[in-house]
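As structure tokens, the structure follows; a few thoughts come after it.
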Amino acid sequence: MVRVGVIGFGLAGQAFHAPVIRGVQGMELACILERHGSNAKAKYPDVRVARTLDEMLSDKTIGLCVVATPNDSHFSYAKACLEARRDVVVDKPFTPTMAEAEQLVRIAAEHGRLITVYQDRRWDGAFLTVKKLLGAGAVGKVAEFESRFDRFRLETKPGAWREQADFPAAGVLWDLGPHLIDGALVLFGEPDTIFAKALRQREGSKIDDAFDVIMQYPKTRATLRARIIAYAPSHHILIHGTQGSFVKYGMDPQEEILRSAKCPDGPDWGANWGLEPAERWGTLSRVNETPRKVETERGDYRGFYANVRDAIEKGSPLDVTPEQALRTMRALLLAHKSSREGREVLWTEDPK
């Protein structure tokens, strides 16, 4: 049994970590670090609540710590946990700087501990479907890949740390960029160049609330987009290849459920978890063939923590390795550099 301590009980801790951990056989949510308030105790009366990190780490049976705090404290919490000989999961983005991310990877290696970053979107049904289609060569050689997250919220949240201009790693590129960039890197590897533009589209916005990132490969272009003013969302996935195209609308249903009152608690998430209705399946159009719907693979974020459990207990390979986490950090920082300097940047450039 892997006993887990979750540090932070804001949106990330409440919706994306605590319920997923409780849904994985062989894992126990043993402690939640909530410095103020009583949300954790109200939601999980059977789970110990700590007010300080020292208090959490005093329980020597906790082997895995999950850092689900604002971005500016990812490094300090992860470092302290690694030095206390605990394995660590850090919510994305890894850290605000490459130097901090590289230092955490070194510390983990020095102490023989596991460190990984929470890339739950690899377990989106749409992403699993795309991996399957590309693996089977369903569209031939890919010329164009586009993945986008569209939302609609006109109002800013001035009190939220994610929307404060002077807060480290604030803005939508830092928030959603790691998901989309990680996905492109998994599918296509390291690009030759990156061109990006972070945008402010809402009235009064002090941070970027939309972005375009173009990752250019020798014969493939991966375009990653996010919009917060998108009342009628566009496609979620678009792929053009030498043998056809694939287009899918609609986001994975898991996030909406995890953020709602219907959030599951325990291993039984139901037989229909992660399944999409047929009307949301993507369409595959192959050359000289009749277009057909492709059933979306079942999504299940529990796959991330099941892999971490097996890595700890059985020594299985991590799905999200430290090297991949650093690669995503490089791409994210290069995207910011490209937007800031208004030019295409090489993958080999210094990301600072």
Side-chain angles (χ1 to χ4, degrees), residues 1-8 12-13 15-30 61-68 74 78 81-82 85-95 101 104-105 107-109 111-132 134-135 178-187 189 252-255 257-258 264-270 273-275 296-329:
M1 178 68 69
V2 177
R3 285 172 54 82
V4 186
V6 172
I7 303 169
F16 298 113
H17 291 283
V20 180
I21 291 163
R22 284 172 71 93
V24 175
Q25 295 280 3
M27 276 194 158
E28 178 187 355
L29 180 61
T61 69
I62 292 176
L64 175 67
C65 293
V66 177
V67 181
H74 284 189
C81 293
L82 290 169
R85 306 300 196 274
R86 312 302 166 90
D87 297 314
V88 174
V89 170
V90 185
D91 197 66
K92 58 77 199 167
F94 197 176
T95 58
L104 289 179
V105 171
I107 293 171
H111 293 298
R113 308 314 307 181
L114 172 154
I115 189 164
T116 185
V117 175
Y118 190 55
Q119 291 289 359
D120 57 329
R121 293 290 180 174
R122 293 196 194 181
W123 285 265
D124 270 3
F127 185 74
L128 295 172
T129 303
V130 167
K131 282 186 66 178
K132 184 176 181 179
L134 296 187
H179 288 313
L180 294 169
I181 287 170
D182 176 77
L185 290 169
V186 169
L187 294 174
D252 189 278
Q254 296 180 84
E255 176 178 349
I257 298 171
L258 288 170
D265 186 24
D268 184 11
W269 285 21
W273 181 266
L275 294 178
T296 304
E297 295 290 304
R298 181 193 297 271
D300 195 336
Y301 295 156
R302 289 175 296 182
F304 173 87
Y305 274 111
N307 169 252
V308 171
R309 175 203 62 203
D310 292 344
I312 293 171
E313 294 190 333
K314 304 176 183 178
S316 302
L318 278 171
D319 283 331
V320 185
T321 67
E323 294 75 22
Q324 290 173 340
L326 292 178
R327 187 177 64 172
T328 298
M329 275 292 298

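Below, each value reflects all heavy atoms present in this structure, side chains not excepted, and no hydrogens, waters or symmetry copies. Computed from a predicted structure; not experimentally measured.
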Can you say whether the rings of Y118 and F304 are parallel (under 30°), tilted (30 to 60°) or perpendicular (over 60°)?
perpendicular

Can you find a pair of side-chain heavy atoms, one from W273 and one from Q254, that are under 4.5 Å apart?
yes

Tell me if a side-chain donor or acceptor on D124 pairs with a main-chain N or O of A126 at a distance below 3.5 Å.
no

Is a donor on one side and an acceptor on the other found under 3.5 Å between the side chain of H74 and the backbone of F94?
yes

Start with the C-alpha distance between F16 and Y301, add both sets of side-chain angles, then the distance that settles ring pair (Phe, Tyr, Trp, His ring centres under 6.0 Å), and finish with yes or no.
CA-CA 9 Å; F16 298 113; Y301 295 156; 7.1 Å; no

Which pair of non-hydrogen atoms, one from P19 and one from W269, has the smallest distance, and what is that distance?
O-CZ2, 3.5 Å

When every non-hydrogen atom of N307 is compared with those of P317, the smallest separation belongs to ND2-O, 3.0 Å

Atom CG of L318 and atom CD of E323: how far apart are they, to the nearest 0.5 Å?
9.5 Å

Atom pairs and distances, donor-acceptor, side-chain atoms in residues 179-186, under 3.5 Å, two or more places apart:
from : atom 1 : to   : atom 2 : distance (Å)
D182 : OD1    : R122 : NH2    : 2.8
D182 : OD1    : T328 : OG1    : 3.4
D182 : OD2    : R122 : NE     : 2.8

Straight-line distance of T321 OG1 to L114 CG, nearest 0.5 Å:
10.5 Å

Do L187 and F127 touch side chain to side chain, with heavy atoms closer than 4.5 Å?
yes

Closest approach of T129 to G125 (non-hydrogen atoms, all atoms of both residues):
OG1-O, 2.7 Å

Is there a side-chain contact between C81 and D87 in this structure, where contact means two heavy atoms from C-beta onward sitting under 4.5 Å apart?
no

Rounded distance [0.5 Å steps], CD in E313 versus CE in M1:
8.5 Å

Should R121 and D252 count as side-chain neighbours, where that means a heavy-atom distance under 4.5 Å?
yes

I need the H111 NE2 to L82 CG distance, nearest 0.5 Å.
7.5 Å

Determine whether W123 and V20 make a side-chain contact, defined as any pair of heavy atoms from C-beta on separated by less than 4.5 Å.
no

On a heavy-atom basis, which atom in T116 and which in V320 lie closest, and how many Å separate them?
OG1-O, 2.6 Å

Heavy-atom side-chain proximity of Y305 to V2 below 4.5 angstrom
no

Please report the C-alpha distance between V117 and M329 in whole Å, then the side-chain angles of each, then the deciding distance to 0.1 Å, and finally whether the side-chain contact (heavy atoms from CB on, under 4.5 Å) criterion is met.
CA-CA 11 Å; V117 175; M329 275 292 298; over 6 Å; no

Is the backbone N or O of S316 less than 3.5 Å from a side-chain atom of D310, with the two atoms forming a donor-acceptor pair by type?
no

Within this structure, what is the CD-CG distance for the pair Q324 and D319, rounded to the nearest 0.5 Å?
8.0 Å

Within the distance-only criterion (no hydrogens, no angle test), does the side chain of R86 pair as donor or acceptor with the backbone N or O of I62 below 3.5 angstrom?
yes

Minimum-distance pair of heavy atoms, taken over all atoms of L275 and P253:
O-CG, 4.2 Å

Smallest separation among heavy atoms of A68 and H17, with atom names
CB-CD2, 3.8 Å

Return the CD1 to CZ distance between I312 and R113, rounded to the nearest 0.5 Å.
8.0 Å

